[in-house]
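Ligands are counted one by one from 1 in listed order, and the atoms in each one are counted from 1 as well.
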Amino acid sequence: MKLRGLYAITDSQLLAGRFLSHVEAALDGGVCLLQYRDKGDDAARRLREAEGLMKLCERYGTQLIINDDAELAARLGVGVHLGQTDGPLTPARALLGRQAIIGSTCHANLDLAVQAAREGASYVAFGRFFNSVTKPGAPAASIELLEQARAQVKLPIAVIGGITLDNAAPLVAHGADLLAVIHGLFGADSAQEVTRRARAFNALFAS
Ligand SMILES: Cc1ncc(COP(=O)(O)OP(=O)(O)O)c(N)n1
Ligand SMILES: Cc1nc(C(=O)O)sc1CCOP(=O)(O)O
Ligand SMILES: [Mg+2]
């Protein structure tokens with residue numbers, strides 16, 4: 001499966017009261033990967049929500065990724081995204097199998113990406129590229145770093161952090177494969193606007 005296009009990431013606060021409707025609107029507009037990102041510790045709610053997303057993803061032919069939690073990903077038979085403090089990649093790969101999509105946060109560090117590739121990551125993620133409402137304290141990354149990564153890393157590259165329709169085009173032009181977006185997608189007031197934004201993000205990959 002080609003990893004290229006919009007990578008939509010959920011946010012439980014931002015999507016409160018409109019969780020499935022906004023996610024379905026995004027899927028309707030086209031989503032390559034959907035990440036369930038919930039930083040809460042209510043395991044029953046997390047399982048219920050992830051199962052709900054899995055059903056939606058199956059309907060739209062989208063791959064579901066669980067943030068942080070390889071055990072939950074294994075339980076659902078889906079992929080996982082791991083940050084530098086979320087546990088090592090090698091056991092996650094052993095747990096989830098060869099086919100699973102496993103992503104790795106590399107901040108602005110090429111060495112981390114080379115290591116992630118060696119340990120079996122499916123894609124590497126760099127960020128944050130712009131000011132992020134969701135995660136203002138994330139370390140900053142630059143277009144120059146993205147260019148270097150494109151030249152050195154053979155895996156698909158996800159970019160993240162403050163990405164909107166107004167600032168995404170240069171990231172694609174400099175080698176990003178996946179635009180990972182929370183607020184710039186789900187911050188929309190209506191489901192129709194979420195769908196429009198999803199289509200517009202994907203259109204950036206058309207040429
Ligand atoms: C696609 C993508 N890239 C980066 C992250 C950030 O992961 P992490 O550093 O583990 O931070 P949290 O998201 O867990 O707060 C991500 N989730 N997805
Ligand atoms: C979860 C996350 N990780 C980041 C990183 O740089 O690693 S930035 C970020 C937040 C992404 O949300 P938004 O699109 O609203 O800025
Ligand atoms: Mg994490």
### Query
Does any N or O in the side chain of Arg150 come within less than 3.5 Å of the main-chain N or O of His174, such that one atom is a donor and the other an acceptor?
no
### Summary
A student checking ligand 2 against His183 at a 4.0 Å heavy-atom cut-off should list atoms 13 (P), 14 (O), 15 (O)
### Query
Does Thr105 reach ligand 2 with a nitrogen or oxygen that is under 3.5 Å from one of the ligand's nitrogen or oxygen atoms?
no
### Message
To check your reading of the model: name the closest protein heavy atom to atom 14 (O) of ligand 2, its residue, and the distance in Å.
### Response
Ile182 N, 3.0 Å
### Query
With backbone taken as N, CA, C and O and side chain as the heavy atoms from C-beta onward, which portion of Asp86 lies under 4.0 Å from ligand 1: side chain, backbone, both, or neither?
side chain
### Whether Asp86 side chain and Gly83 backbone form a donor-acceptor pair below 3.5 Å
yes
### Query
Does the Asn167 side chain pair with the main chain of Gly162, one donor and one acceptor, at a distance under 3.5 Å?
yes
#### Entry: Side-chain heavy atoms of Glu49 within contact of Leu15, under 4.5 Å
no
### Query
Is Ala180 in polar range of ligand 2, meaning some N or O pair under 3.5 Å apart?
no
### Query
Which ligand 2 atoms does Arg37 reach within 4.0 Å, using its non-hydrogen atoms?
1 (C)
### Query
Strictly under 4.0 Å, does any heavy atom of Gly184 approach an atom of ligand 2?
no
### Task
Return the name of the atom in Asp68, of element N, O or S, nearest to the Mg ion (ligand 3).
OD1
### Task
Tell me yes or no: between the side chains of Arg196 and Ser190, is some donor less than 3.5 Å from an acceptor?
no
### Query
Which of the atoms of ligand 2 are close to Arg128, meaning less than 4.0 Å from one of its heavy atoms?
6 (O)
### Query
Does a side chain donor of either Gln148 or Gln152 reach within less than 3.5 Å of an acceptor in the other side chain?
no
#### Entry: Contact check: Thr105 vs ligand 1, nitrogen or oxygen atoms, below 3.5 angstrom
yes
### Message
For Ala138, which part has a heavy atom under 4.0 Å from ligand 2: side chain, backbone, both, or neither?
### Response
side chain
### Message
Quick check on contacts: which atoms of ligand 1 are under 4.0 angstrom from a heavy atom of Lys39?
### Response
12 (P), 14 (O), 15 (O)
### Query
Between Lys135 and ligand 2, is there a nitrogen or oxygen pair with a distance under 3.5 Å?
no
### Query
Which N, O or S atom name in Asp86 marks its closest approach to the Mg ion (ligand 3)?
OD2
### Query
Does Asp177 reach the main-chain N or O of Ile157 with its side chain, forming a donor-acceptor pair under 3.5 Å?
yes
### Message
Among Arg37, Gln35, Lys39, exactly one meets side-chain hydrogen bond (donor to acceptor under 3.5 Å, both in side chains) together with Asp68. Which residue is that?
### Response
Lys39
### Task
Look only at interatomic distance and state if Gln35 has a nitrogen or oxygen under 3.5 Å from any nitrogen or oxygen of ligand 1.
yes
### Task
Provide, to 0.1 Å, the distance between atom 4 (C) of ligand 2 and the closest protein heavy atom, together with that atom's residue and name.
Ile160 CG2, 3.8 Å
### Task
Heavy-atom contacts with Gly161 under 4.0 Å: which atoms of ligand 2 show up? List them by number with element.
8 (S), 16 (O)
### Subset of ligand 2 atoms that lie under 4.0 Å from at least one heavy atom of Gly162
13 (P), 14 (O), 16 (O)
### Message
Once you restrict to heavy atoms under 4.0 Å, what part of Asp68 touches ligand 1? Side chain, backbone, both or neither.
### Response
side chain
### Task
Please confirm whether Gln84 comes under 4.0 Å of ligand 1, counting heavy atoms of the residue only.
no
### His107-ligand 2 polar pair, N/O distance under 3.5 Å
no
### Short side-chain to backbone donor-acceptor contact, Thr105 and His107, under 3.5 Å
no
### Task
May I ask you to check if ligand 1 and Tyr123 share an N or O to N or O distance below 3.5 Å?
no
### Task
Using a strict cut-off of 4.0 Å, indicate which atoms of ligand 2 neighbour a heavy atom of Gly127.
6 (O)
### Query
For the hydrophobic clusters of this structure (ILVMFWY residues joined by side-chain heavy atoms under 4.5 Å, transitively), does one cluster hold both Val80 and Leu155?
no
